[in-house]
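Written below as structure tokens is the structure these notes are about.
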Amino acid sequence: MNEKAVVVALGTLAVVVGLMLATVLMVGLGDRIRLPYPVLMIILSAGAAFIPGFPQVKIEPELILPLFLPPLLFATALKSSWSVFRVRWRSIVLLAVALVVVTTATVAGAAWLLVPGIGIPAAIALGAMVAPPDPVAVESIAGKVRMPRRLSGVLQSEGLFNDATAIVIFQTAVAAAVAGQDVGPGIIVSFLLGAVGAAAIGLAAGWVTKKLMEYVTNPVGHSAVTLVVPFAVYIAADSVHASGVVAVVVTALEIRRGIRADAAQERVTVTAFWDVVELMVTGIAFGLVGLEVRQAMEGQEMNIAALTWPAVLICVLCFAVRAAWLALLVLPSRRRGAGAPPSNAKDVAALTWCGMRGLATLALALALPSTLADGSPFPGRAQIVLLAVAVLLSTLVLPGLTLPWLMKRLRLSESPETQKQIEQDLASRAEDAAMAAVQASDLLDGVDEKRVEWVKRQLLQLHTELAGTPTDAVKEERSEFRGWAIAVQSLALDAARQEMVTARGETGSDTVAADQVLRRLDLRTMLVPD
């Protein structure tokens, strides 16, 4: 390696380390001024990129998604479950698929009319770039405000799968543009085949990973396995032209399903590990987004002023289409009952403002080829890149800086009935974890029926008290098994606490309800006979 290459490599390493340090600082600053740290990272890095002599980090466009999407999608999917998706399948279809298609078509039509010579396939490629809200951006920004769980759950379901829809549309449109053909109905077949193949790969990878984790019993080893798996699954799916996004999400859900109910400590360890990974990777990713914005804008030989009004219109369309689509879902939601969001104007406003574009938009923009198959320039490439960057900045920075204010103005909160149900669900979950821990131990081996009945009564009372229902404790008359009872209660309460810590960190979780249950656990001492 020559001296120049060494200098470039060291400069890149220095920038990455600097972004990691900046992430930590922006997290602290964001907590103090109540602003999301990813937005602060973009502002900081974009400003730094324009400093004379600042080292440039050059990452090949085709490597941006494989480097950053797998760990971030995996971390988000680990906080969900198959049961959540069974409940929210309507949101996934209507938002992650239908809304992406509608937004793509609307933006493509506007671009085709406003940007001379862009061509229909290239316009569709632009629409696919800016259509999907970025799951990383939404999770990092919307997760920092007191958003009701019913809304954050909708954003979570949408964010995990909409990239798959957009990437399939983008790849099909680019292939058609390069070959000089039109985009046909085959895009639907490509999407379905890619999704089915990715799901199969994800299920198989999840099964293999669970077997490997049974072999590697060390909790740290488990975390190391989960760090490798997302990249391997994404690459495997992409190599057979399946959706790497869907494959990674399915793998994470399968791994989560395989964690035993009594393995609360394992879940806490894996969750803590991935919290750190998610924090650092998110900071680096959004820092690089800020650095890449300058590189994306440099060297574009065009009249940027002429693109101002098309850019403004397309940005407005991205907000307007999302708002209109969500508004159309209000009436069906009310008819179904149960208050599934969006069920009112406040829900529509909050969910619209959380439609933030991010890493996927920039990566697809930079991945746009420079030439067609015949060697001629890709039609309107410079305009497309700048329009995509405009949408990214308008939908990410503006909502990111104003979302805390908007949530405060909307005064969104869970209804008392919903909040009570959440606490009851968490109480049941804590009780299940406590029971699983006791049953997995040897404390019940060889004990008489009376002691077993005592444990059952205490766990039933534990659920009632954690759900917020007062009980009248009745002391045991005999104290001959006091030491054994203390061991049982310590094990059960510890498992319940660890389960609530895990629940608190999950995507879409109600941290207020989880904290309430934790406080009740801290005050709770299972009845031990005198």
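Keep in mind that what you see is a predicted model, and the values were worked out from it rather than measured.
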What do the steps show when you test Asp347 against Leu151 for side-chain contact (heavy atoms from CB on, under 4.5 Å), and what is the final call?
-> CA-CA 7 Å; Asp347 289 354; Leu151 297 183; 3.7 Å; yes
Given side-chain contact (heavy atoms from CB on, under 4.5 Å), test Val281 with Phe68 step by step and report yes or no.
-> CA-CA 7 Å; Val281 175; Phe68 294 104; 3.8 Å; yes
Evaluate the side-chain contact (heavy atoms from CB on, under 4.5 Å) criterion for residues Phe74 and Val249: first the C-alpha distance (whole Å), next the side-chain angles of each, then the deciding distance (0.1 Å), finally the verdict.
-> CA-CA 6 Å; Phe74 191 85; Val249 172; over 6 Å; no
Going through the checks in order, is the side-chain contact (heavy atoms from CB on, under 4.5 Å) test met by Gln171 and Val174?
-> CA-CA 5 Å; Gln171 291 174 338; Val174 169; 5.9 Å; no
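Taking 4.5 Å as the limit, every side-chain heavy atom of Trp309 sits out of range of all side-chain heavy atoms of Leu114. Between Leu40 and Leu25, the closest side-chain pair of non-hydrogen atoms is not below 4.5 Å. Residues Pro66 and Phe231 form no side-chain contact, since every pair of their non-hydrogen atoms from C-beta on lies 4.5 Å or further apart. Contact check for Val178 versus Pro121: no side-chain heavy atoms found under the 4.5 Å cut-off. In this structure the side chain of Arg322 reaches within 4.5 angstrom of the side chain of Leu99, judged on heavy atoms. Contact check for Leu387 versus Val115: side-chain heavy atoms found under the 4.5 Å cut-off. Residues Leu368 and Met129 have side chains in contact (heavy-atom distance under 4.5 Å, counting atoms from C-beta outward). For the pair Glu158/Pro133, a side-chain contact is recorded, criterion being any heavy-atom separation below 4.5 Å from C-beta on.
Atoms OG and OH, from Ser243 and Tyr234 in turn, are 7.5 Å apart once rounded to the nearest 0.5 Å. Atom CG of residue Leu126 and atom CH2 of residue Trp112 lie 15.0 Å apart, to the nearest 0.5 angstrom. Once rounded to the nearest 0.5 Å, the distance linking OG of Ser343 with CG of Leu329 reads 11.5 Å. We find the CZ-CD1 distance between Phe378 and Ile384 to be 5.0 Å, quoted to the nearest 0.5 Å. Note that the OG1 atom of Thr104 and the CD1 atom of Ile124 stand 8.5 Å from one another [nearest 0.5 Å]. Here the CG-CG distance, from Leu155 to Asn162, works out to 10.5 Å after rounding to the nearest 0.5 Å.
Closest of all the heavy-atom pairs between Val248 and Pro230 is CG2-O, 3.6 Å. The two residues Ile201 and Ala237 come nearest to each other via the heavy atoms CD1-CA, 3.7 Å. The minimum heavy-atom distance linking Leu410 with Ala349 is given by the pair CD1-CB, 4.2 Å. Here the closest heavy-atom approach between residue Gly202 and residue Val250 is recorded as C-CG1, 3.7 Å. Among all heavy-atom pairs drawn from Pro399 and Met356, the shortest one is CB-CE, 4.1 Å. Closest of all the heavy-atom pairs between Val107 and Cys318 is CG2-SG, 4.1 Å.
A side-chain donor-acceptor contact under 3.5 Å links Thr251 to the backbone of Ala247. Using modelled atom types, no side-chain atom of Thr371 and backbone atom of Pro377 make a donor-acceptor pair closer than 3.5 Å. Proximity of a side-chain donor or acceptor of Ser45 to a complementary backbone N or O of Gly287 within less than 3.5 Å is detected. Thr103 places no side-chain N or O within donor-acceptor distance of the main-chain N or O of Val100, the cut-off being under 3.5 Å. A distance-only check finds a donor-acceptor pair linking the side chain of Arg357 to the backbone of Ala131 [under 3.5 Å]. Distance alone, capped at 3.5 Å, places no donor-acceptor pair between the Thr282 side chain and the Leu279 backbone.
More than 12 heavy atoms of other residues, nucleotides or ligands shown are found within 6.0 angstrom of CH2 on Trp353.
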